[in-house]
Chemist: 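This is the structure I have questions about; it appears just below.
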Amino acid sequence: MKILAIETSCDETAAAIVEDGRKVLSNVISSQADFHARYGGVIPEMAARQHLETVNYVVQDALSQANVSLEEVDAVAATLGPGLVGALLVGATAAKTLHLLTNKPFYGVNHLHAHVASNYLDSTLEPPFLCLLVSGGHSQILHIPDYQTIRILGETLDDAVGEAYDKVARILGLGYPGGPIIDKLAQQGNPKAYPLPQAKTAEPFDFSFSGLKTAVLRTYERELAAGIATEAILADLAASFQHAAVAALVKKTLLAAESLQLKTIAVAGGVAANSALRKQFEAEISTRPGWRFFIPALKYCTDNAAMVGAAAYFNPLTQDIGMEVFSRS
Ligand code: KG4
Ligand code: ZN
């Protein structure tokens, strides 16, 4: 079954052709990141307009790179939410128009479900497993007992971890999006240079990152006031922030897996691209016999349409609703 999938929930205009939920025949992404960088973040109305200008070309590219004609597609899918409303409307309208033109079924997909499903692409992963979903909008520990069910075990009480990366990058004057910039800079710094706090939460699998972000701000201000040069601070502070953020993510995910007696862990979302997070998980899992660790290829971590095609295939529940498929257990 070949699905033509479209993703426009934030600032990537993306289309893909995915066969049977796992085989990616094409995965086209047109990023608006450079456009929004000058404003230090995504401007929702501008994002929608950019999607409108790009979506037809991206869909055409996805079809031609997969060498598949519209007639050969079995279904169309698009992200319905959560995301920027105007941006979502563009992709959803494009997919629904194709559905009306071709009479192929339309599947609406939940964006978070799609991030989880990115782990099925080019992989053999099957439920049950535990998924750490870390993006610009979410930080959640999810239990996936079967293809149709997602249970939230814990989530952030304030900032998402990707949001914290972006805000810390802004505090340090490093540009947007902050995640990849801090990830790179941290590799030149000492993660133990500045001891930063790890938040305690009432529920064991919840996260909190806003205190950490404020601690970075205060530390930066204090060091500058003490006359230390910016260049002498940045890499160490980036590394210390990343160390604290990654430690919380890995520790709580492993704790949740142990409490559910699950030995398969997957990571998804834009922050799954983080090199320290990958390394830390791999190191921990390698010391636990029988445990397995899945992480999508970098191109499937940040927003893309291939994951939307996988979610549409594996989760028929999302066909009509697209939203509200999660429940907190
Ligand atoms: O999943 P995604 O593309 O969009 C959302 O649904 O939010 O995630 C984007 C987030 C941004 O906050 C970005 O800074 C972060 O993922 N990110 C990273 C890295 N690459 C992207 N964070 C840490 N390290 C990275 N290498
Ligand atoms: Zn996303």
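Here, residue 1 is the first one in the sequence, and each next residue gets the next number. What you are looking at is a predicted structure, and each value in this text was computed from that prediction instead of being measured. The basis for the numbers below is simple: all heavy atoms, side chains too, and nothing from hydrogens, waters or symmetry mates. For ligands, and for the atoms within them, numbers begin at 1 and follow the listed sequence.
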Chemist: Considering the heavy atoms of G162, write down every atom of ligand 1 situated less than 4.0 Å from one of them.
Modeler: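 This gives 12 (O) as the contact atoms.
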Chemist: Which of the N/O/S atoms in D303 sits closest to the Zn ion (ligand 2)?
Modeler: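 D303's closest N, O or S atom to the Zn ion (ligand 2) is named OD1.
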Chemist: Just to be sure I read this right, does ligand 1 sit under 4.0 Å from the backbone of D183, its side chain, both, or neither, counting only heavy atoms?
Modeler: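 Answer for D183: side chain.
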Chemist: Under 4.0 Å from any heavy atom of H115, which atoms of ligand 1 are there?
Modeler: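 Near H115, the atoms of ligand 1 are 1 (O), 6 (O).
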Chemist: Please find the pair of heavy atoms, one from A78 and one from A95, that lie closest to each other, and give the distance.
Modeler: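 Shortest heavy-atom separation between A78 and A95 comes out as CB-CB, 3.6 Å.
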Chemist: Which bit of H138 gets closer than 4.0 Å to ligand 1, counting heavy atoms only: side chain, backbone, both or neither?
Modeler: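 Neither part.
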Chemist: Please find out if the Zn ion (ligand 2) and some N, O or S atom of H111 are separated by less than 2.8 Å.
Modeler: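 H111 does place an N, O or S atom closer than 2.8 Å to the Zn ion (ligand 2).
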Chemist: Would you mind running through ligand 1 and noting each atom that sits below 4.0 Å from a heavy atom of G137?
Modeler: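 So the answer, numbered in order with elements, is 7 (O).
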Chemist: What protein heavy atom is closest to atom 13 (C) of ligand 1, reported as residue, atom name and distance in Å?
Modeler: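 Of every protein heavy atom, D166 OD1, 3.8 Å lies nearest to atom 13 (C) of ligand 1.
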Chemist: Is ligand 1 under 4.0 Å from a heavy atom in the side chain of H111, in the backbone, in both, or in neither?
Modeler: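 Answer for H111: side chain.
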Chemist: In the protein, what heavy atom is nearest to atom 22 (N) of ligand 1, and what distance, to one decimal place, separates them?
Modeler: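 Residue, atom and distance for the closest contact: G179 CA, 3.3 Å.
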Chemist: Regarding E282 and R278, does a basic nitrogen lie under 4.0 Å from an acidic carboxylate oxygen?
Modeler: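 No.
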Chemist: Could you check whether any heavy atom of P180 sits closer than 4.0 Å to an atom of ligand 1, since that is the contact criterion I want to use?
Modeler: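 Checking ligand 1 against P180, which is what was asked, there is a heavy-atom contact under 4.0 Å.
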Chemist: Test I233 against Y194 for side chain to side chain contact (heavy atoms under 4.5 Å, CB included), laying out the working first.
Modeler: CA-CA 10 Å; I233 309 169; Y194 299 104; 3.6 Å; yes
Chemist: Decide side chain to side chain contact (heavy atoms under 4.5 Å, CB included) for T253 and L130; before the verdict, give the C-alpha distance in whole Å, the side-chain angles of both, and the deciding distance to 0.1 Å.
Modeler: CA-CA 8 Å; T253 306; L130 199 86; 3.9 Å; yes
Chemist: Of all N/O/S atoms in H115, which lies nearest to the Zn ion (ligand 2)?
Modeler: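 Relative to the Zn ion (ligand 2), the closest nitrogen, oxygen or sulfur of H115 carries the name NE2.
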Chemist: Among protein heavy atoms, which sits nearest to atom 17 (N) of ligand 1, and what does the distance come to when rounded to 0.1 Å?
Modeler: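 For atom 17 (N) of ligand 1, the nearest protein heavy atom is G270 O, 3.6 Å.
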Chemist: Decide side chain to side chain contact (heavy atoms under 4.5 Å, CB included) for T79 and L88; before the verdict, give the C-alpha distance in whole Å, the side-chain angles of both, and the deciding distance to 0.1 Å.
Modeler: CA-CA 7 Å; T79 309; L88 286 162; 3.9 Å; yes
Chemist: Can a salt bridge be assigned to the pair E53 and R49 using a cut-off of 4.0 Å between side-chain N and carboxylate O?
Modeler: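 Between R49 and E53 there is no salt bridge, as every charged N stays at least 4.0 Å from the carboxylate O atoms.
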Chemist: Start with the C-alpha gap between L4 and K104, add the side-chain angles, then the distance that decides, and say whether side chain to side chain contact (heavy atoms under 4.5 Å, CB included) holds.
Modeler: CA-CA 10 Å; L4 163 59; K104 315 270 166 138; over 6 Å; no
Chemist: Tell me which part of V271 gets within contact of ligand 1: side chain, backbone, both or neither, using heavy atoms under 4.0 Å.
Modeler: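 Both of them.
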Chemist: Per the ring-ring contact (aromatic ring centres under 6.0 Å, His included) rule, which among Y176, F241, F209 passes with Y165?
Modeler: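 Among the candidates, only F241 passes.
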Chemist: So, applying side-chain contact (heavy atoms from CB on, under 4.5 Å) with Q280, which one of I285, V250, N274 is it?
Modeler: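 Only one of I285, V250, N274 forms a side-chain contact (heavy atoms from CB on, under 4.5 Å) with Q280, namely V250.
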Chemist: Counting only heavy atoms not in R292, do more than 12 fall under 6.0 Å of its CZ?
Modeler: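 No, CZ of R292 has 12 or fewer neighbouring heavy atoms, counting only those of other groups under 6.0 Å.
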Chemist: Atom 3 (O) of ligand 1: which protein heavy atom is closest, and how many Å away?
Modeler: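 In this structure, atom 3 (O) of ligand 1 has D303 N, 3.0 Å as its nearest protein heavy atom.
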Chemist: What's the shortest distance from atom 24 (N) of ligand 1 to any protein heavy atom, and which residue and atom give it?
Modeler: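 Checked against all protein heavy atoms, atom 24 (N) of ligand 1 sits closest to N274 ND2, 2.9 Å.
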Chemist: Establish, from distance only, whether the side-chain atoms of D158 and S208 form a donor-acceptor pair under 3.5 Å.
Modeler: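 On atom types as modelled, these side chains qualify, holding a pair under 3.5 Å.
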Chemist: Any atoms of ligand 1 less than 4.0 Å from a non-hydrogen atom of G136? List them with their elements.
Modeler: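 With G136 as reference, the close atoms of ligand 1 come out as 5 (C), 7 (O), 8 (O), 9 (C), 10 (C), 12 (O).
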Chemist: Could you tell me which atoms of ligand 1, counted from 1 in the order shown, lie closer than 4.0 angstrom to a heavy atom of T302?
Modeler: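 Every atom of ligand 1 under 4.0 Å from some heavy atom of T302: 3 (O).
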